[in-house]
Number of protein chains: 2
Amino acid sequence: MVTIAEVARQAGVSSSTVSYVLSRKRSISEDTRRKVEAAIQDLGYHPHAGARALASNRSDIIALMVPLRSDMFVPVIMEIAMAVTTQAREFGKDVLLLTKDEGTGGVRRVSGSGLADAVILMDVELDDDRVPVLQGTGSPAVLIGLPADTAGLTCVDLDFDATGGACVDHLADLGHRDVALIGESEAVYRRHTGFAARTLAGFQRRAAERGLRAVHRPCEGTYESTAGVLARILEERPTTTGFVVQNEAAIAPLLSLLRLSGRVVPEDTSIVAICPDQVALQSSPRLTSVSIPAEEMGRNAVRQAMAQLQGDRRSSVMLLPPRLTVRESSGAAPTA
Amino acid sequence: MVTIAEVARQAGVSSSTVSYVLSRKRSISEDTRRKVEAAIQDLGYHPHAGARALASNRSDIIALMVPLRSDMFVPVIMEIAMAVTTQAREFGKDVLLLTKDEGTGGVRRVSGSGLADAVILMDVELDDDRVPVLQGTGSPAVLIGLPADTAGLTCVDLDFDATGGACVDHLADLGHRDVALIGESEAVYRRHTGFAARTLAGFQRRAAERGLRAVHRPCEGTYESTAGVLARILEERPTTTGFVVQNEAAIAPLLSLLRLSGRVVPEDTSIVAICPDQVALQSSPRLTSVSIPAEEMGRNAVRQAMAQLQGDRRSSVMLLPPRLTVRESSGAAPTA
DNA sequence: GGATGATATCGAAGCGCTTCGACTGAAGCT
DNA sequence: AGCTTCAGTCGAAGCGCTTCGATATCATCC
C-alpha cells in the first residue's frame with residue numbers, strides 16, 4: 001500500500017505538506033503542489049480511509065437506513081437510495097447501507113463507532129424508536145418521512161396532505177362530483193406510517209371544501225382486491241367518475257378492469273395517480289399524476305445532512321409541494 | 001467518545017486485554033471477560049471503526065456497486081442489495097453503496113483507500129472495464145452476473161441458459177408446438193449484457209431439440225409495445241399457444257391484452273414468466289414462472305466474498321439452477 | 001523438584017493520517 | 001535598517017486500536 005510518506009519522499013517534501021495539498025487547509029506554493037500531485041499520480045496514492053478517520057475524527061461516510069420491506073413502493077425506495085448516494089459523492093462522502101431491521105442498535109453502532117458522520121433514516125414511522133436514539137447520539141440526522149412529533153428534527157418529505165388536496169382540486173376543476181380514493185392496504189393505515197393518513201386527510205378536507213362526495217377504500221393492490229374495491233365503489237356510488245390512486249400496484253389492475261368493463265379513460269372515468277413519473281408514463285393511457293419526487297427527497301436529505309455537518313443546527317421540516325402533471329387519464333366529467 | 005483505555009481502566013485490566021476479549025484471539029479468563037463485558041456495557045463502548053481499520057488493516061466493509069439505471073428489474077436489484085446487506089451483517093460486515101457510474105475510479109478508490117475489504121459488482125457487462133481493474137487491485141471480488149471471460153473470477157448468477165430451456169421444456173411437456181419468447185428491449189440485446197442473450201440461446205436450443213417452432217421478439221414493456229409485439233407474433237404464427245416472458249414490465253400489459261382479445265389463460269394460451277416470485281403471485285392468474293433468486297444471489301455473493309477474505313483464492317462460477325413453479329397461467333395446449 | 005507447557009495478562013510499538021506550533025525567508029512597512 | 005507580516009514548509013504529537021513479544025502463574029510430568 002502506498003502511504004503519504006512515500007508520496008512525500010517522491011515529491012521531496014514532508015508528509016504534512018502532502019496532507020495540506022490534499023486538504024487545502026493551508027496555502028501551498030504552485031510549484032510544490034505540482035510536484036506532490038505528480039507523485040500522487042505516479043504512485044497511485046489513495047489516502048487510507050481508516051487512518052484519515054482516526055486522525056480527523058470524520059469518516060466521510062453517511063449512513064442510510066433503508067426499509068427491508070415496507071409500505072413504500074420499492075422503485076421509490078431505490079430511487080431515493082441512488083439519489084442519496086449520488087448526491088453524497090458530490091460532497092465527497094460515501095454511503096453506508098443499513099437495513100431498518102437493525103433498529104436502534106444499528107443507529108447506536110454506526111454513530112458510536114464513528115463509522116458514519118451522519119445518519120439518514122427512511123420509512124420513518126409516526127412513533128419511531130430510532131429517532132430518540134439518534135437524537136441521543138448527537139450526530140447529524142435527517143429523516144425522510146415525518147414522525148408524529150418533529151420538534152428538533154430535520155425532515156424531508158412530500159407534502160402528502162397537499163397532494164391529496166391537489167388531486168381533488170384537479171378532479172373538481174374538471175367537473176367531477178363524485179370521487180374515490182383507492183388507497184394503500186388496510187395494514188398501511190393500521191401501521192404507524194404517516195403518508196397514507198396525511199393523503200387521506202388532505203383528500204377528504206379538500207373534497208368537503210369543494211363540495212364533492214368522497215369515498216375512500218383501502219386496497220391491497222392485487223388484481224382481485226382491486227376488482228373487489230372497484231366493484232364496491234361503483235355499487236355504492238355508481239356516479240363516481242374520478243379516481244385518485246395511491247397504491248402503485250393497483251394502477252395496472254384498475255386500468256385493465258376499467259377496460260374490461262367498457263369504461264373509457266378519460267372520457268367516462270378520470271384517474272389521478274400518486275406515483276413516480278416513470279410509472280405514470282409507461283401506463284396506457286399515460287396517467288395524470290402527482291409525482292413522488294424521490295430524487296429530490298434523497299438529494300435534499302443529503303444537503304440537510306451536510307448543512308448539519310457544517311455546524312448548522314437548526315432543525316427544519318421540508319415538505320416538498322406536490323407537482324401535478326396532466327396527462328391522458330383525466331378529462332372533463334361526462335355530462336350526465 | 002468512549003475509548004478502549006477507559007473500558008480497560010473501569011475493568012481494571014490493560015487495554016490489550018480488552019482488545020482480546022473483543023477479538024477472542026487469545027484466551028481470557030472467565031472472570032476477566034465478565035468484568036470487561038460489564039465495563040463495555042456500562043460505558044456504552046463502541047470500538048472506533050477507523051482506529052480498528054488502521055491497526056488491523058481490515059475495514060469490515062464490503063463495497064457493493066449497484067446500477068443506477070440498468071436492464072435489470074428494479075425490485076430485483078433492491079432485493080439483491082438487501083440480501084447482501086443482511087448477509088454481510090451476519091458476518092459482522094457493513095455494506096458501502098457505490099453506483100455503477102463511478103466506474104473504474106470508484107473501484108480503485110474504495111479498494112485503494114482500504115475503505116472496503118471486498119467488492120461485489122452488480123449488472124456486470126460482457127466486457128466490463130471494472131473487472132480488470134478490480135483484479136488489478138487484488139482485493140476479493142465477486143460478480144453478480146457473468147462477463148464474457150470468467151477466467152480467474154468469482155461469479156454468481158442465475159443459469160439463464162438453463163432457464164430458457166426449462167421454460168421451453170415446460171411448454172413442450174404440456175403439448176405446445178409453437179412458442180414465443182417475449183424478451184427484453186432491443187437495447188438490452190445491443191448493450192453488452194449477458195442474461196438476455198443466454199436466455200434466448202437456451203430457449204432456441206431447447207426448442208430445436210424438442211422440435212418446437214420458436215419465435216423471439218424483443219419488447220420494451222410498455223402497453224403499446226407489448227400490444228405491437230403480441231399482434232406481430234399472432235399474425236406471423238397464429239398457432240402460437242405458449243409464451244415465455246422475460247421482461248417483467250410486459251407481464252401486466254400482456255395479460256390485459258390477452259383478456260381483451262378474448263383469449264383465456266391458461267385454456268387457450270399458456271404463459272411462463274421469468275420474474276421474481278412476488279410478481280408471479282400478484283398477477284391474475286398467478287403465473288407459472290422461473291423465479292429470479294435475488295436473495296440467494298445476494299447471499300451467495302457475500303459468502304463467496306467472505307471465503308476469499310478467509311484466504312480461499314479459488315475462482316468459481318456459481319450458476320444457480322432455475323426453479324420453475326407451476327401456477328395458474330400454464331396448462332395443456334388446446335387441441336386443434 | 002526442576003523442566004515443560006499451557007493459560008492469562010501486560011506493555012509497547014506502530015498502523016497512516018491530521019493538525020498544531022514553530023521556523024524560514026521574502027515582502028512591506030516606517 | 002530594522003520591524004512586522006505573511007506565505008510556505010517542516011517536525012512531532014497523537015488519534016484509538018491491534019498485535020507481538022515478554023512475563024507471570026500454575027498445573028503436569030518424569
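Below, chain A is the first sequence line, B the second, and so on; all start at residue 1.
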Give the intermediate values and the outcome of side-chain contact (heavy atoms from CB on, under 4.5 Å) for residues B:Glu102 and B:Arg108.
-> CA-CA 10 Å; B:Glu102 274 209 66; B:Arg108 279 207 191 82; over 6 Å; no
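- In plain terms, the two heavy atoms of A:Cys155 and A:Gly145 that are nearest each other are CB-O, 3.8 Å.
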Under 3.5 Å, side-chain donor or acceptor atoms of residues 27-34 of chain A against the rest of the protein: list the pairs with distances, not counting sequence neighbours.
| residue | atom | partner | partner atom | Å |
| --- | --- | --- | --- | --- |
| A:Ser29 | OG | A:Thr32 | N | 3.2 |
| A:Ser29 | OG | A:Thr32 | OG1 | 2.8 |

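- Across all non-hydrogen atoms, the minimal contact from B:Ala116 to B:Ile62 is CB-C, 4.4 Å.
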Pair A:Leu153-A:Gln135, side-chain contact (heavy atoms from CB on, under 4.5 Å): steps then yes or no | CA-CA 8 Å; A:Leu153 297 174; A:Gln135 286 185 291; 3.3 Å; yes
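- Chain B approaches DNA chain D over the interval D:dG16 to D:dA22, counting the first and last nucleotide 5' to 3' with an atom under 4.0 Å from its heavy atoms.
- A search for salt bridge (Lys or Arg N to Asp or Glu O under 4.0 Å) contacts involving B:Glu295 returns B:Arg299, not counting sequence neighbours.
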Side-chain donor-acceptor contacts of residues 302-315 of chain B below 3.5 Å, not counting sequence neighbours, with atom names and distances?
| residue | atom | partner | partner atom | Å |
| --- | --- | --- | --- | --- |
| B:Arg303 | NH1 | B:Asn300 | OD1 | 3.2 |
| B:Arg303 | NH2 | B:Gln87 | OE1 | 3.4 |
| B:Gln308 | OE1 | B:Ala141 | N | 3.2 |
| B:Gln308 | NE2 | B:Ala141 | O | 2.9 |
| B:Gln308 | NE2 | B:Thr154 | OG1 | 3.1 |
| B:Asp312 | OD1 | B:Arg314 | N | 3.0 |
| B:Asp312 | OD1 | B:Arg314 | NE | 3.2 |
| B:Asp312 | OD2 | B:Arg314 | NH2 | 2.8 |

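- Put simply, the residue from B:Leu134, B:Leu97, B:Leu121 that forms a side chain to side chain contact (heavy atoms under 4.5 Å, CB included) with B:Met65 is B:Leu121.
- A heavy atom closer than 4.0 Å to some atom of DNA chain D occurs in B:Lys25, B:Arg26, these being the qualifying members of residues 25-39 of chain B.
- A:Ile80 has its side chain within reach of A:Val84: a pair of non-hydrogen atoms, C-beta onward, lies under 4.5 Å apart.
- Rotation axes derived from the C1' atoms of the five outermost pairs at either end of the helix from C:dG1-D:dC30 to C:dT30-D:dA1 lie 40° apart, to the nearest 10°.
- When A:Leu146, A:Leu158, A:Val156 are each tested for a side chain to side chain contact (heavy atoms under 4.5 Å, CB included) with A:Leu319, only one passes: A:Leu146.
- In terms of modelled atom types and a separation under 3.5 Å, the side chain of A:Thr137 and the main chain of A:Ser139 share a donor-acceptor contact.
- Residues from residues 13-24 of chain A lying near DNA chain D, meaning a heavy-atom separation below 4.0 Å, are A:Val13, A:Ser14, A:Ser16, A:Thr17, A:Tyr20 in numerical order.
- Looking only at distances, a side-chain donor or acceptor of A:Ser59 sits under 3.5 Å from a matching main-chain atom of A:Leu115.
- Pairs of residues two or more places apart, or lying in two chains, that qualify as side-chain hydrogen bond (donor to acceptor under 3.5 Å, both in side chains) and include a residue from residues 36-57 of chain B are B:Gln10-B:Asp42.
- Interface residues of residues 109-118 of chain B facing DNA chain C, ordered by number: none; criterion, heavy-atom separation under 4.0 Å.
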For every nucleotide of nucleotides 24-29 of chain C, 5' to 3': is a protein heavy atom under 4.0 Å from its base (B), only from its sugar-phosphate (S), or from neither (-)?
-> ------
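- In summary, A:Arg109 and B:Asp94 engage in a salt bridge, as defined by a charged side-chain N under 4.0 Å from a carboxylate O.
- Annotation: salt bridge (Lys or Arg N to Asp or Glu O under 4.0 Å) contacts involving residues 112-136 of chain A, sequence neighbours excluded, comprise A:Lys100-A:Asp123, A:Lys100-A:Glu125, A:Asp128-A:Arg130.
- A salt bridge (Lys or Arg N to Asp or Glu O under 4.0 Å) check over residues 2-29 of chain A, counting only residues at least two apart or in different chains, returns nothing.
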Stepwise side chain to side chain donor-acceptor pair (under 3.5 Å) check, A:Ser19 with A:Ser16 = CA-CA 5 Å; A:Ser19 178; A:Ser16 53; over 6 Å; no
